[in-house]
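These figures come from a predicted structure and were not determined experimentally.
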Amino acid sequence: MTPLLSIHPLPRPLESAIGYVLRLGTANDFYSLTWQQAYRRHMGLPAMNFEDFVVLTTGHSPDTLRNLWGPSCSDLPIQPFKKLGIKTTYWSLDHRRWCPDCLRENGYWKAEWLITLQVACPHHRRLLQELCPACGQSVGWYSGGLKHCRCSQVLTVGTTVPAPDSLLQISQLISKKFAEATGGDVGTTPPYRISDDLAQLLANVGLPRFLDLLWALGCYGHFRELKKSLKVHDHHRLAVALPVLESAAQILTQWPEAFHSFMLESCNLSETHALHLYRFAGTHLVALNRALQHPELHFVRYEFERFVSEHWKGIIADRHRFADDITAEHPTILAKEAMAILSISRRKLITLVNQGHIQGWYQQSNGNLRFLVIDRQSVLRFSQGSPGQLLTLAEAAEYLATPIPRVRLFVNAGLLTAVYKPEGNNDHHRHWAFEKSALDKLLGGLHMQIHATPECDSVISLEKICRTRSHDGADLVTLLHAIQAGELDCIARDPSHHGIRGLLLDRLQFEAWFTERLQAKEFFTMKPAAHYLGLKEHVLYWLRDRRLLSGFTYPNGASQLSLPKTALDQLKARYAWGQSLEEMTGYGRKSASRALINRGIVPVTGPTVDGGTTYLFLREEVQSFMASQRSATAQG
């Protein structure tokens, strides 16, 4: 197939997708990123993704696009894997950031410059630039040209601000790990020397986790006075990101001494003997420990727990979620843990202590709490083997990482079989018994692979689905039934969560399954109806009040509205909005309504008509207008 554009440059190694669209337009005498929207409207092209657009306009094979990475334009969506599993908060399309020397030498925009935590160029040993050297304003992607600001100032010149050594090491690591994540040649990354200790420390940390580490250490180190240290406003600005990176770089380049110093400064040493860890470490440090749960970052948790083990005189218990090696080294445990190891009651444990079989004593906290402390080794010596494979109701709930009432729900729904279930109202936890193999079966087996980037767009957790779709028919019991029936597949596990919270589904498979369930429904309550139509729930009430939507029934009383599917299909056939409007016109979703109004098409409802929040157009009028536009284009 002949490419639509006459000039089609090849993508460069590790080039940004949005930068390539800008470079492609410049090569064909289109000097603004908005060229692709106007071009698609002029050619009558339907809505499409980034890959299809580039292949259609350049003739390049899809394999050629492997050099392009990062997010694309909002109206040219890119495949999720191109974002490398990096959280959205670490990608910035708010404005451009660049190295003038690299831009002058190479002539293209690197994908790594879009990462909010990449603040320096290790090749030229300078800070990146984000303001025009002439007008001093941010350079947006949709304003200015490939190498020029909107004020016509060339962007390949500017004042060089040297970057400190620690920041350059961090920037070099981001460049290296970016190349590794994309399968590029690591040897082509800038040859700035990284200290051997730092390289070895972070050797097994992938790019998404490395960014999490920098963000957590930097924010808790620099913004510790904020109540929510990780929620930093305008973090994509260089002035905001720099102190965060400097704080993280100082800790990592002097690991672990600098981390222990940071911990020592942040702890309340007057609470060394406090019963609860948060009184000693503070809520920020406890939150930092929880934020770094991924196995790749366990070296940070290890140092955190080693520091606590050395300086805190309280009891390391299960609630602290410490690593096994740190917990095992602590000589004392609480009575509750000893009872769990021996599977005995507290009264029996006290009897064993009084008889001298186990060493234990009472300890008074700074407050009024008095608790029993047990010598770990004496418990292990007394123990006669490991517990069996039968779990109580409370133990099953802990193993599945779900509340106890939900385990009972699983049993009643036929998802889980109890070896023994008490009769009548005798519902105490200890009277239930579950086989561990049955719990493992509910979790999809123990051999499911760990997903390296569970935050990426290609997977979705059961927890997230239930949080947003339960009222639409995708509740936890229904999902687990679908998994057991083979309708849905658990493809991986989130290493940061155990039990049911860690199960991950393929997002595309789930969306197809969920859409099929919606299509099969005959009657919808308001929220599922809104999802079926692609509208917000309050918009349906607005359309009902304006008598644009009818057919409501009240099957379960006047308080529960219900809509037949036929009424919803009639609304979709008569009116156009949102995605359907985008597909019909070729405009972006946010600009389609404005463009039609400017060309004389009057919407039925919307902000400028009656104060509604969504524009609806008669489908007939939009089709007639687009037909006239195509006819005029053909005659011209």
Side-chain angles (χ1 to χ4, degrees), residues 260 263 267-283 285-286 289-290 293 298 301-401 403-404 407 428-434 436 439 498-499:
H260 281 251
M263 291 281 295
C267 285
N268 185 357
L269 298 180
S270 66
E271 296 285 355
T272 302
H273 292 273
L275 179 60
H276 299 291
L277 174 61
Y278 72 86
R279 293 182 60 184
F280 167 72
T283 55
L285 292 185
V286 174
N289 185 44
R290 292 172 181 167
Q293 293 185 8
H298 274 185
R301 300 195 68 203
Y302 176 84
E303 291 300 333
F304 176 92
E305 292 155 4
R306 186 164 70 90
F307 173 87
V308 171
S309 181
E310 292 175 357
H311 294 83
W312 182 47
K313 306 306 179 185
I315 302 299
I316 296 181
D318 287 341
R319 67 178 181 273
H320 301 127
R321 304 181 185 275
F322 279 10
D324 293 338
D325 49 357
I326 295 296
T327 306
E329 293 173 2
H330 213 65
T332 58
I333 58 177
L334 288 173
K336 182 179 179 181
E337 186 176 350
M339 291 158 52
I341 293 175
L342 299 173
S343 297
I344 59 176
S345 65
R346 185 180 181 87
R347 179 176 295 180
K348 180 63 174 178
L349 177 65
I350 294 175
T351 301
L352 293 175
V353 172
N354 293 336
Q355 293 176 353
H357 298 293
I358 294 175
Q359 299 175 18
W361 60 94
Y362 285 97
Q363 181 173 331
Q364 186 78 27
S365 71
N366 290 345
N368 298 322
L369 293 177
R370 183 170 176 262
F371 52 96
L372 180 59
V373 179
I374 305 296
D375 178 75
R376 178 190 296 276
Q377 292 303 319
S378 67
V379 173
L380 297 179
R381 285 193 300 268
F382 185 81
S383 177
Q384 296 298 317
S386 60
Q389 293 297 303
L390 291 180
L391 285 76
T392 66
L393 181 60
E395 291 169 340
E398 182 179 1
Y399 188 76
L400 295 174
I404 289 175
V407 179
H428 294 295
H429 303 173
R430 62 180 178 274
H431 293 155
W432 291 68
F434 296 90
K436 183 173 177 293
L439 303 179
H498 70 288

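- To the nearest 0.5 Å, the span separating CG on Leu372 from CG on Leu334 amounts to 8.5 Å.
- Annotation for Ala397 and Ile404: closest pair CB-CG1, 3.7 Å, computed over non-hydrogen atoms.
- From Phe304, atom CZ reaches atom NE2 of His260 across 11.0 Å, with rounding to the nearest 0.5 Å.
- Side-chain atoms of Phe307 and Glu303, non-hydrogen and from C-beta on, never get closer than 4.5 Å to each other.
- Shown here for His498 and Tyr399, the closest heavy-atom pair between the two residues is CD2-O, 4.0 Å.
- Using a 4.5 Å heavy-atom threshold, the side chains of Val407 and Leu393 count as touching.
- Here the straight-line distance linking atom CZ of Arg306 with atom CZ of Arg301 works out to 15.5 Å at 0.5 Å rounding.
- By the 4.5 Å heavy-atom criterion applied to side chains, Arg346 and Lys336 are not counted as neighbours.
- Distance CD1/Ile350 to CE/Met339: 9.0 Å, rounded to 0.5 Å.
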